[in-house]
Amino acid sequence: MQARLQARGPAHVELKEAWRKADKYMFMKKVKAEVISSKMIEKDIYDLCLNYEGAKDAKPGQFVGVFPESDAHLLMRPISICSFDDKTLRLVYRVVGFGTDEFSKLKEGDSAIILGNLGNGFDVDLCKGKTVVLMGGGIGIPPMLGLAKTLKEKGITDDVHAFLGYRDKNTFLDKEFEEVCNVHLASDNGEIGFHGNVVDALKSSGVKADIIMACGPMPMLKGIKYYAEGENIDAYISLEERMACGVGACLGCVVKTTKEDHHSHVNNARICTDGPVFDARDVDI
Amino acid sequence: MQARLQARGPAHVELKEAWRKADKYMFMKKVKAEVISSKMIEKDIYDLCLNYEGAKDAKPGQFVGVFPESDAHLLMRPISICSFDDKTLRLVYRVVGFGTDEFSKLKEGDSAIILGNLGNGFDVDLCKGKTVVLMGGGIGIPPMLGLAKTLKEKGITDDVHAFLGYRDKNTFLDKEFEEVCNVHLASDNGEIGFHGNVVDALKSSGVKADIIMACGPMPMLKGIKYYAEGENIDAYISLEERMACGVGACLGCVVKTTKEDHHSHVNNARICTDGPVFDARDVDI
Amino acid sequence: MNTKINIAGVEFKNPVMTASGTFGSGMEYSSFVDLNKLGAVVTKGVASVPWPGNPTKRVAEVYGGMLNAIGLQNPGVDVFMERDLAFLSNYDTKVIVNVCGKSVEEYIAVVEKLNDTKVDMYEINVSCPNVKEGAIAFGQNADVLYDVTKKIKEASKKPIIMKLSPNVTSIKDMAKAAEAGGADAISLINTITGMKIDIERQTFVLANKTGGMSGPAIKPVAVRMVYECANAVSIPIIGMGGIATAEDAIEFMLAGATGVAVGMMNFVNPYATEEVVKGIEDYMIRHNIDDINTIIGAVH
Amino acid sequence: MNTKINIAGVEFKNPVMTASGTFGSGMEYSSFVDLNKLGAVVTKGVASVPWPGNPTKRVAEVYGGMLNAIGLQNPGVDVFMERDLAFLSNYDTKVIVNVCGKSVEEYIAVVEKLNDTKVDMYEINVSCPNVKEGAIAFGQNADVLYDVTKKIKEASKKPIIMKLSPNVTSIKDMAKAAEAGGADAISLINTITGMKIDIERQTFVLANKTGGMSGPAIKPVAVRMVYECANAVSIPIIGMGGIATAEDAIEFMLAGATGVAVGMMNFVNPYATEEVVKGIEDYMIRHNIDDINTIIGAVH
Ligand SMILES: Cc1cc2nc3c(=O)[nH]c(=O)nc-3n(C[C@H](O)[C@H](O)[C@H](O)COP(=O)(O)OP(=O)(O)OC[C@H]3O[C@@H](n4cnc5c(N)ncnc54)[C@H](O)[C@@H]3O)c2cc1C
Ligand SMILES: Cc1cc2nc3c(=O)[nH]c(=O)nc-3n(C[C@H](O)[C@H](O)[C@H](O)COP(=O)(O)OP(=O)(O)OC[C@H]3O[C@@H](n4cnc5c(N)ncnc54)[C@H](O)[C@@H]3O)c2cc1C
Ligand SMILES: Cc1cc2nc3c(=O)[nH]c(=O)nc-3n(C[C@H](O)[C@H](O)[C@H](O)COP(=O)(O)O)c2cc1C
Ligand SMILES: Cc1cc2nc3c(=O)[nH]c(=O)nc-3n(C[C@H](O)[C@H](O)[C@H](O)COP(=O)(O)O)c2cc1C
Ligand code: FES
Ligand code: FES
């Protein structure tokens, strides 16, 4: 180790440059973003469009931190990028507490304070030419829409199936999925689509996934990990955890990993920077 | 004492009723008040008009507490009532820190959170038929305007002289004083009116005051107390101190008094409730 | 639905009290809230003789709270009995008198004067950071606290609550000392010592240099200390420190407080106490809670 | 205009540092701020071997601040040297390594490994409230602190800063013990132990139950403690606790801090450190201050 340390000069300049140049750090700023529109699309579910300079660098599965205005509530709220184009960013979120409630009151012309782009996102290149199954549960559905759109727009594959799980018949975003991929609905209470969870919906659908990409509540992600490992399918899942910094500095947001993590070497990876998207095999959930 | 305590029943119901009915507690609420207008009338000096249900109970020299929106800045900012009519309240204040800066951004249609009406105010009945000298220094000028207007409107006396002290030629509100009383200007740098303070301006004016009512910075109020005691003139001065509650509960805002105060019996009266207007002889400033 | 709680044999109609020094003796806030709706009014500190308190400036705003260095200005127990206690006896609420002193004898002098009045309990302030003698010194050393508690308890005909200072290494040790000394209950937290400097004028904001910090900013420290004490002693706890809403109050109760007190937030929202009472009832309905006592210390 | 300060013979280009654990080893924030502009980067706590830290949830928001119970997750001194120290040596800033351990031997193991590297100083964390052994226990007893300081100082080839816990009755006594033990400087405050309860789910928000509170909410306590220590010891002080702006930093310096560190507020404003550096210069211009050293402890 001492030897390696001594030889640090040029080698480590490289490291630093690599860090700065790494694709995912292309856009990493805290900025004011103008609200283009904000509307409720379902009970407690809001759809926020922002004029955001980081949009052009966004990748599906990445997220941004949205800061409340309140001086009492200082931490950013992590919200996945739902979709994006060159200039605009779309966030779809559920009102669950102080911050999201505050955001829901934003109006056209207001501004939102955004830290982004954060996290690694889904690697769309892994999907090339494959039968891709996207699985979204509840408020985990929005980021899958950006992914579905990207797969279509970039012509990566045209065999994409989205399995979308809702609580009940109050669905959201499903119409937009229909424009870009095959859609399979499921609901917890059976009011619409498959009666049950998305994993069972997939099993009963006859769709043979080459690769799964998913976001949703922990029980759903556990189910997917278990299923995918059993079937030996690659699965990439997007995780959530309480965050403070969002940039990998505070070590607040870790998930147990099956391999040694590259940061602390203690099988605890940072969801904000090493994730939020992980190979399901790599995390111990 | 024990004897008196035992006989407390009916006697003390009286006390309670008296408290509730006391004139100055006629309107005492925390309310939202709609902003009718807000404008800068001089560098850093703002003029805020509010639709305020407590206005009809207001007395000149009383003040209200204005709460910042910020969750970090919780205490109200005491601001004197500049003038008022049945429905509207006018506050004129200088931007000196966080709260006043925040208020300066209020716009028509916004609302301000007001705790009022606070304090005793000037007793206009003492002025009946007398030569009244009103003295205002700097941001102590606004409350004197409401007093001048009341003296005129209620026909209490028509011999009212306002001595208004400014830093320099950038005067404010003086035109409005001219509509209701005689006006004598003074400025620290001599750019306008008498060159010097308002006490010296009064001395050199030849006006013979029967009673003085004043608001302004501490050195000016000390000067008035000294002058009035020397000349044996009644003087009522409005004091300032850091406040927390504004209603007499916290004992934050005391001033040393020459007589025993009625609350704590320690010669420390509460400016917010026993004042802000005091007989100059009663305070040890 | 039962909102009644019991501390040392005294029954309170609900757990909501006022924190000493933030509510006068109730008079000042009686135009905002109906004192009959409150569990108890806890008075400003009362000494054996009038105290003038500290010079001004006595209060300063800080982020999410305030500092105060009032220095326990009060009219002394005689005026208190004649005026404040008389006023309070018109209301159907419990009266807890906060007692301050510079020596054990001074505390006892107040207690003895009030022993035959209708006062329900004493809260012994051994934790005010703003006076030089007595007060906080008694509350920062477990042996001294034990001793002071014991002596005051002996002199008292009413249950005593020892009010603890958070400015200690181990709040548990202080709670245990108070319990061992015979305290019927403890209340916490008093203010945390803080300081504010005016950087433009390069002076202390408070004449006393330091002041006691209160308000929402201190709540997490207060909740933690209530929790620690609840696990260390078996006497009831009255929790306070930044309570603004029923949600805050419930957080303290879940941590182990039997009663709760609203302090600085009265200044910000003079209706706060009554709103907390109402909000606790709403919470009970929402969570199907029949008896408020079931949530005391429920998170552990 | 001189913004240079000197602590134990180490010259810093300005007083502004990063608070340990809030800035990684600088890498993460190097895309927001130019590390060359900072007085020093203070690293996350480094132990002799990798530490996994606590289970999640590890962080919680509180009024005007946050709680953390990271539990000192870190890759250990070997990886630290190879990667983080190597990274930092590309910058023209001082490097202070925050050292943690569960026993004196563990602290010393880290110190000895780093003794022949380009690290400028050590900050010895005897005040982390989030790990069971060592850490805070060393920082809450003056005798133990004296002893730990002395032993680490003996093993160290670089100046050592003892990082003090605010969770004590007398911060002065702790500062004096550190000084007596041979500390070259002290830094304060580490976090104040707090707790948050989720009242809807009736659970602790943090897996560790308690966490360390930081952010603007704790600033008045931190300023007071810096002031108290400045009047108790003659070694330099690095002040921290809620610093968000240059104004906050100057408040600490006026109270007696030679250096200042930005902690939690990096998370809220990743540009904070550089802005504080710039803002201090603005203040110096506004107040006609030639040498920043003249404001250290200027209010007393
Ligand atoms: C990577 C990531 C992506 C996310 N994407 C979305 C999304 O696209 N749409 C959406 O509706 N929600 C999303 N969430 C969850 C979202 O972050 C929380 O719902 C939100 O932070 C709640 O904030 P609040 O102030 O309304 O709630 P409060 O409960 O008042 O928040 C208190 C604190 O807890 C944190 N917190 C609360 N719930 C969560 C949670 N589930 N995950 C992480 N932190 C939480 C808050 O950020 C805040 O710091 C995502 C979370 C993560 C980690
Ligand atoms: C009875 C009374 C009447 C007043 N009337 C007026 C008026 O009509 N117009 C006007 O411009 N100003 C008036 N003031 C002064 C005004 O209250 C302060 O300028 C204002 O509170 C400053 O708030 P800030 O947030 O801008 O300043 P900051 O310095 O950020 O305030 C910090 C804290 O200090 C308090 N504070 C600061 N300066 C003063 C002060 N001079 N007096 C009392 N508290 C202060 C604030 O209320 C706040 O709690 C009056 C003060 C009192 C006591
Ligand atoms: C202005 C003020 C005066 C106080 N006076 C007393 C007092 O006389 N006796 C006492 O025991 N506590 C006193 N306290 C402490 C409060 O009762 C309470 O313990 C503390 O403020 C924490 O609660 P809070 O954050 O809700 O204000 C005072 C607090 C304030 C803000
Ligand atoms: C997420 C987090 C991690 C921390 N980790 C450490 C640490 O490893 N070692 C240490 O001495 N202090 C640690 N601290 C304490 C800070 O360095 C600092 O003393 C404290 O947070 C107060 O400063 P602040 O209010 O500016 O954050 C940590 C603080 C936070 C918020
Ligand atoms: S949120 Fe700080 S490391 Fe992930
Ligand atoms: S401000 Fe509280 S008594 Fe005057």
Side-chain angles (χ1 to χ4, degrees), chain B residues 1-9 11-17 19-20 22 25-30 65 67-68 70-77 97-99 113 115 241-256 260-268 270-273, chain C residues 18 21-32 44 50-53 55-66 68-79 81-83 85-91 113 116-118 205-206 215-217 244 264-271:
Chain B
M1 292 261 174
Q2 283 289 345
R4 277 216 252 166
L5 184 68
Q6 261 125 44
R8 69 195 169 190
H12 285 88
V13 174
E14 241 172 72
L15 183 97
K16 171 191 154 194
E17 293 307 308
W19 171 263
R20 287 197 178 254
Y25 298 103
M26 287 276 281
F27 186 91
M28 174 85 105
K29 285 187 186 165
K30 186 182 175 194
F67 286 90
S70 163
D71 295 323
H73 298 81
L74 295 172
L75 299 178
M76 58 87 178
R77 271 51 182 168
F98 182 90
I113 311 292
L115 176 68
E241 189 45 80
R242 300 294 155 121
M243 296 184 173
C245 71
V247 301
C250 76
L251 306 180
C253 66
V254 297
V255 58
K256 275 200 192 317
E260 195 170 271
D261 68 283
H262 76 95
H263 179 276
S264 305
H265 301 244
V266 291
N267 295 21
N268 261 342
R270 296 162 301 178
I271 291 180
C272 67
T273 30
Chain C
T18 62
T22 66
F23 209 74
S25 293
M27 212 181 265
E28 287 78 8
Y29 281 105
S30 63
S31 34
F32 296 97
K44 171 73 187 165
W51 284 13
T56 57
K57 306 170 180 172
R58 290 179 172 185
V59 292
E61 185 179 73
V62 295
Y63 204 107
M66 63 175 281
N68 89 78
I70 308 297
L72 293 169
Q73 174 175 334
N74 80 88
V77 65
D78 292 330
V79 172
M81 276 173 25
E82 197 192 331
R83 177 186 58 199
L85 194 53
F87 170 81
L88 281 169
S89 65
N90 294 305
Y91 293 93
K113 281 233 169 135
D116 297 317
T117 64
K118 291 202 171 161
V205 173
L206 297 175
M264 173 208 164
M265 290 307 280
N266 287 304
F267 308 158
V268 180
N269 174 13
Y271 311 105

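Order of the sequence lines fixes the chain letters, A, B, ..., with proteins taken first and strands second; residue numbering starts at 1 for each chain.
Contacts between B/Lys29 and chain C at a heavy-atom distance below 4.5 Å involve backbone atoms as well as side-chain atoms. Contact annotation for B/Ile113: neither backbone nor side-chain heavy atoms come within less than 4.5 Å of a heavy atom of chain C. The contact between C/Phe23 and chain B is made entirely by backbone atoms, counting heavy-atom distances below 4.5 Å. Within the 4.5 angstrom heavy-atom criterion, only backbone atoms of B/Asp71 (N, CA, C, O) approach chain C.
Side-chain contact between B/Leu75 and C/Met264 is present, with heavy atoms from C-beta onward closer than 4.5 Å.
By number of non-hydrogen pairs under 4.5 angstrom with chain C, the leading residue of B/His263, B/Met76, B/Met243 is B/His263. Of the listed residues (B/Gly252, B/Cys253, B/Gly246, B/Ala249), the greatest number of heavy-atom pairs within a distance under 4.5 Å of chain C belongs to B/Ala249. Highest contact tally toward chain B, considering only C/Gly24, C/Pro52, C/Pro55, is held by C/Pro52 [criterion: heavy-atom pairs under 4.5 Å].
Closest of all the heavy-atom pairs between B/Val266 and C/Pro50 is CG1-CB, 3.4 Å. Closest approach of B/Phe67 to C/Phe267, counting heavy atoms only: CZ-O, 3.7 Å. Between C/Gln73 and B/Val254, the closest heavy-atom pair is OE1-CG1, 3.5 Å. When all heavy atoms are compared, the tightest approach of C/Lys57 to B/Arg242 is NZ-NH2, 3.3 Å.
Between atom CZ of residue C/Arg58 and atom CD of residue B/Glu241 there is a gap of 9.0 Å, rounded to the nearest 0.5 Å. Atom CG in B/Leu115 sits 5.0 Å away from atom CZ in C/Phe32 (nearest 0.5 Å). Atom CE in C/Met265 sits 5.0 Å away from atom CG in B/Leu74 (nearest 0.5 Å). Rounding to the nearest 0.5 Å gives a distance of 11.5 Å between CE of C/Met27 and OG1 of B/Thr273. To the nearest 0.5 Å, atom NZ of residue C/Lys44 and atom OG of residue B/Ser264 are 9.0 Å apart. Taking OG from B/Ser70 and CD from C/Glu61, the interatomic distance works out to 7.5 Å, rounded to the nearest 0.5 Å.
Other residues, nucleotides and ligands place more than 12 heavy atoms under 6.0 Å from the NZ atom of B/Lys30.
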